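Quick notes on the structure that follows.
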Amino acid sequence: KIRRISVNANNGNVELSACEGEDVQDRNKNGNVNLKGLAASLRAELKNGDLKIQDSSGDSLYASNKNGRIGTSGAAYTEFYAEGSNGAMELKDVTSDAIQLSNTNGRVQLELNGKQADFDYDINNHNGKVMIGGSTVGTFHTDFSFSNDTGRTLTADLKNGDLTVTFLEQADR
């Protein structure tokens, strides 16, 4: 168990696993970051490299990457924020009440725990297709807002790249 971990790396890969605590922060300029089995709020900021987050949970996740991919598998956070500039996002098995995505160049694939009706949507995609739950809601300069009055939100702002959202249809929480 830890209270806080802060990693600042200029060059090289970073791997953290099986950490439990309040706060984990990682800032990496050049290199890949692999975070697995963390139970803490997480802030990961990369400039050049790929970010992978597996089987982790906490109050908030903030992931940003300037040049490289962001990937998650089994991420459960009350608030989930992912921001990219140049690279794809593959976000699998995400559980969250508030998801905010931003990407300048690259496709975004999001796999959410729950049903399509469990979320409210505010999506803007300037140049790419938007698919939600198997249905195309736009193909070029899409502004899509819809409320199911659930209090769970998905907000996305993309510039160049497709957005695909699928649902795992798990039991209501």
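Remember, it's a predicted structure, so these values are computed and weren't measured experimentally. Quick note: numbers below take in every heavy atom, side chains included, and nothing from hydrogens, waters or symmetry partners.
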Trace of the side chain to side chain contact (heavy atoms under 4.5 Å, CB included) decision for I99 with L112: CA-CA 10 Å; I99 301 112; L112 280 173; 3.6 Å; yes
Do side-chain atoms of N13 reach the backbone of N32 as a donor and acceptor pair under 3.5 angstrom? yes
Note: R3-E22 ion pair, threshold 4.0 Å (strictly below): yes
K36 and S56 have their tightest heavy-atom pair at C-OG, 4.1 Å
Could you check whether N113 and D93, counting side-chain N and O atoms only, form a donor-acceptor pair closer than 3.5 Å? yes
With distance as the sole test, does N65 use its side chain to make a donor-acceptor pair with the main-chain N or O of G49 at under 3.5 Å? yes
Might you point out which heavy atoms bring A117 and T150 nearest each other, and give the distance in Å? O-CG2, 3.2 Å
Please determine whether side chain to side chain contact (heavy atoms under 4.5 Å, CB included) holds for the pair L35 and L51, giving the CA-CA distance in whole Å, both sets of side-chain angles, and the decisive distance to 0.1 Å. CA-CA 8 Å; L35 308 170; L51 171 62; 4.3 Å; yes
Output the distance between atom CG (L110) and atom OG1 (T166), rounded to the nearest 0.5 Å. 7.0 Å
Calculate, to the nearest 0.5 Å, the distance between atoms CG and CG belonging to L46 and N28 respectively. 5.0 Å
Measuring only between side-chain heavy atoms, which start at C-beta, is T153 closer than 4.5 Å to F119? no
Residues Y62 and E45: side-chain donor-acceptor under 3.5 angstrom: no
Is it the case that atom NZ in K66 sees more than 12 heavy atoms from other parts of the structure closer than 6.0 Å? no
Report yes if some heavy atom in the side chain of I123 is under 4.5 Å from a heavy atom in the side chain of S145; otherwise report no. no
Name each donor-acceptor pair under 3.5 Å that joins a side chain in residues 128-140 to protein atoms two or more places apart or in another chain, with its distance.
none

Nearest-0.5 Å distance that lies between atom CG in L163 and atom CG in N124: 11.0 Å
For the residue pair S96 and R152, what are the closest heavy atoms and their distance? O-NH2, 3.1 Å
Please determine whether residues V165 and F144 belong to a single hydrophobic cluster, defined as Ile, Leu, Val, Met, Phe, Trp and Tyr linked transitively by side-chain heavy-atom distances below 4.5 Å. yes
Would you mind telling me which of N11, N67, N86 makes a side-chain contact (heavy atoms from CB on, under 4.5 Å) with N48? N67
Validation row: F80, L91 side chains within 4.5 angstrom (heavy atoms): yes
Distance from L61 atom CG to R43 atom CZ, nearest 0.5 Å? 10.5 Å
Whether N125 side chain and G161 backbone form a donor-acceptor pair below 3.5 Å: yes
Considering non-hydrogen atoms only, spot the tightest contact between T104 and K159 and give its length. O-CB, 3.2 Å
L154 vs L101, test: side chain to side chain contact (heavy atoms under 4.5 Å, CB included). Steps then yes/no. CA-CA 8 Å; L154 169 57; L101 308 173; 4.2 Å; yes
Trace of the side chain to side chain contact (heavy atoms under 4.5 Å, CB included) decision for Y77 with T95: CA-CA 6 Å; Y77 289 88; T95 302; over 6 Å; no
Just checking R69: does its CZ atom have more than 12 heavy atoms from other residues, nucleotides or ligands closer to it than 6.0 angstrom? no
For the pair R4 and D23, find out whether any cationic side-chain nitrogen is under 4.0 Å from an anionic carboxylate oxygen. yes
Taking E169 first and then K115, would you say they form a salt bridge - that is, a charged N and a carboxylate O separated by under 4.0 Å? no
Between CG on residue N34 and CD on residue Q54, distance to nearest 0.5 Å: 5.5 Å
Side-chain donor-acceptor pair present, N148, D120, cut-off under 3.5 Å: no
Indicate yes or no for a side-chain donor-acceptor contact from S60 to the backbone of E79 under 3.5 Å, with no hydrogens or angles considered. no
Does the separation of the ring centres of Y121 and F146 fall below 6.0 angstrom? no
Find the distance between OH (Y81) and CD (Q100) and round it off to the nearest 0.5 Å. 5.0 Å
On a heavy-atom basis, which atom in V108 and which in L158 lie closest, and how many Å separate them? CG2-CD2, 3.6 Å
Is there a side-chain contact between N10 and N30 in this structure, where contact means two heavy atoms from C-beta onward sitting under 4.5 Å apart? no
